[in-house]
Amino acid sequence: MRLGVNVPNFGPGTNPDVLRRWALTVEGLGFDLLMVSDHIAVTPDVAEQYPAPFYEPFTTLSWLAGLTREIRLGTTVLIVPYRHPLLIARMAANLNDLSGGRLVLGVGVGWAREEFSALGVPFRDRGRLTDEHLLAIRAAWQDETDYRSGHIPLWIGGNSDAALRRAVRLGDAWHPLRFTPGWLGEAAGRLTACAAEQGRPGPALMPRIALLTEAPVTASISGGGRLAGHGTIDQIIADLGQLRTLGADTVVLDPFNGDPQETAEPERAWRALATVAERARSHDIDTERS
């Protein structure tokens, strides 16, 4: 099982130099994958979770590809209905080609109603648009003479039953985002059942979990179960072990926990990532690119 990192490409502390340092740090620590998020219009609902400025993912990853050598680069997740499918197909194919085949395209339907409105995209149609766009993207990539896409892994993000079905039907992997350890075990069973119902092979499991190292955690602030990746290093390593048991191929660690000031102080996240990388290797969890 390999490990990746979701790098904040937003927030008041983020700038080109900080993004450069993030990329070199994550690659230097031996992680396999660097991923960034996606928004286009920082409307009030987006700003509550992803404060400005926001660096567009394709532009950012193209720049980071020139600064790095081997680490894979990806989106977690690209909001599919926001762009024309042929534009997504072209940008993804070019980025994969220019980076030497390092792109992972994580995709989702989106959630920010005000951003959908600002972009003139009907929020209620986001599921249908995502399915149609993904089919068009895959069709475009069949033209190797033009797009030269190579193989771009398509990770379907989201925790809903619709996301499970979409992952089976259209994706190479299912990419659930921030969850409790108990929830994922049950959801993995539903994914297997969904694949059997559709008569298709089950997609790979590529989850994204939180990363917050602190005193032992037994429950979330909202009263639910502890999020995977929250707690002591021992708890986090145990979470990674459970994910490996469930068959996860790659786990993405998300060190941003909601405070915009975190983006101005990335060193704390880097220390946590260094500790996790060291402990993971001692437990035979591979952080490096194969």
Between [X] and [Y] (salt bridge meaning N to carboxylate O under 4.0 Å), is one present in this structure?
| X | Y | value |
| --- | --- | --- |
| Arg128 | Asp131 | no |
| Arg244 | Asp249 | no |
| Asp172 | Arg166 | no |
| Arg190 | Glu197 | no |
| Arg72 | Glu27 | no |
| Asp254 | Arg208 | yes |

Residues [X] and [Y]: side-chain donor-acceptor under 3.5 angstrom:
| X | Y | answer |
| --- | --- | --- |
| Gln142 | Tyr147 | no |
| Thr43 | Asp45 | yes |
| Thr59 | Glu56 | yes |
| Arg102 | Thr68 | yes |

Checking the side chain of [X] only, and the main-chain atoms of [Y] only, is there a donor and an acceptor separated by less than 3.5 Å?
| X | Y | result |
| --- | --- | --- |
| Glu115 | Val46 | no |
| Ser117 | Arg113 | no |
| Arg138 | Leu170 | yes |

Side-chain heavy-atom pair [X], [Y] within 4.5 angstrom cut-off:
| X | Y | value |
| --- | --- | --- |
| Ile236 | His230 | no |
| Pro181 | Arg226 | yes |
| Arg21 | Glu267 | yes |
| Asn159 | Leu177 | yes |
| Ile156 | Val168 | no |
| Pro176 | Trp174 | yes |
| Asn6 | Ser37 | yes |
| Trp155 | Val77 | no |

Which atom pair, heavy atoms only, marks the closest approach of [X] to [Y]?
| X | Y | result |
| --- | --- | --- |
| Gln235 | Gly231 | OE1-CA, 3.1 Å |
| Glu262 | Asn257 | OE1-N, 3.0 Å |
| Ile79 | Asp38 | N-OD2, 2.8 Å |
| Leu184 | Leu246 | CD2-CD1, 3.9 Å |
| Pro8 | Leu19 | O-CD2, 3.7 Å |
| Thr75 | Pro57 | CG2-CB, 4.0 Å |

Starting from [Y], can I reach [X] by hopping between I/L/V/M/F/W/Y residues whose side chains sit under 4.5 Å apart?
| X | Y | result |
| --- | --- | --- |
| Leu78 | Leu135 | yes |
| Leu154 | Tyr82 | no |
| Phe116 | Leu87 | no |
| Leu105 | Trp63 | yes |
| Leu34 | Val18 | yes |

Within this structure, what is the [atom1]-[atom2] distance for the pair [X] and [Y], rounded to the nearest 0.5 Å?
| X | Y | atom1 | atom2 | result |
| --- | --- | --- | --- | --- |
| Leu103 | Met91 | CG | CE | 11.0 Å |
| Phe58 | Asn94 | CZ | CG | 10.0 Å |
| Ile137 | His84 | CD1 | NE2 | 10.0 Å |
| Asn9 | Thr76 | CG | OG1 | 10.5 Å |
| Trp22 | Thr263 | CH2 | OG1 | 10.0 Å |
| Glu186 | Leu191 | CD | CG | 11.0 Å |

### Task
Tell me, with the steps shown, if Leu243 and Ile209 meet side-chain contact (heavy atoms from CB on, under 4.5 Å).
CA-CA 10 Å; Leu243 293 171; Ile209 66 172; 4.0 Å; yes
### Task
Determine, step by step, whether Leu3 and Leu240 satisfy the side-chain contact (heavy atoms from CB on, under 4.5 Å) criterion, reporting the C-alpha distance in whole Å, the side-chain angles of both residues, the deciding distance to 0.1 Å, and the verdict.
CA-CA 9 Å; Leu3 298 181; Leu240 292 174; 3.9 Å; yes
### Task
Output, in order, the C-alpha distance, side-chain angles, deciding distance and verdict of side chain to side chain donor-acceptor pair (under 3.5 Å) for Ser149 and Glu144.
CA-CA 7 Å; Ser149 62; Glu144 273 293 320; 3.3 Å; yes
### Task
Assess whether atom CZ of Arg178 is packed by more than 12 heavy atoms of other residues, nucleotides or ligands within 6.0 Å.
yes
### Message
Please determine whether side-chain contact (heavy atoms from CB on, under 4.5 Å) holds for the pair Ile71 and Asp32, giving the CA-CA distance in whole Å, both sets of side-chain angles, and the decisive distance to 0.1 Å.
### Response
CA-CA 5 Å; Ile71 194 167; Asp32 170 74; 5.9 Å; no
### Task
Given ring-ring contact (aromatic ring centres under 6.0 Å, His included), test Phe10 with Phe256 step by step and report yes or no.
CA-CA 10 Å; Phe10 55 86; Phe256 180 71; 4.9 Å; yes
### Cation-pi, Phe123 ring and Arg126 (6.0 angstrom, 45 degrees)
yes
### Task
Go through Leu211 and Leu273 one step at a time and tell me if the side-chain contact (heavy atoms from CB on, under 4.5 Å) criterion holds.
CA-CA 8 Å; Leu211 178 62; Leu273 288 166; 3.4 Å; yes
### Query
Using 30° and 60° as the class limits, which term best fits the ring planes of His39 and Trp111: parallel, tilted or perpendicular?
perpendicular
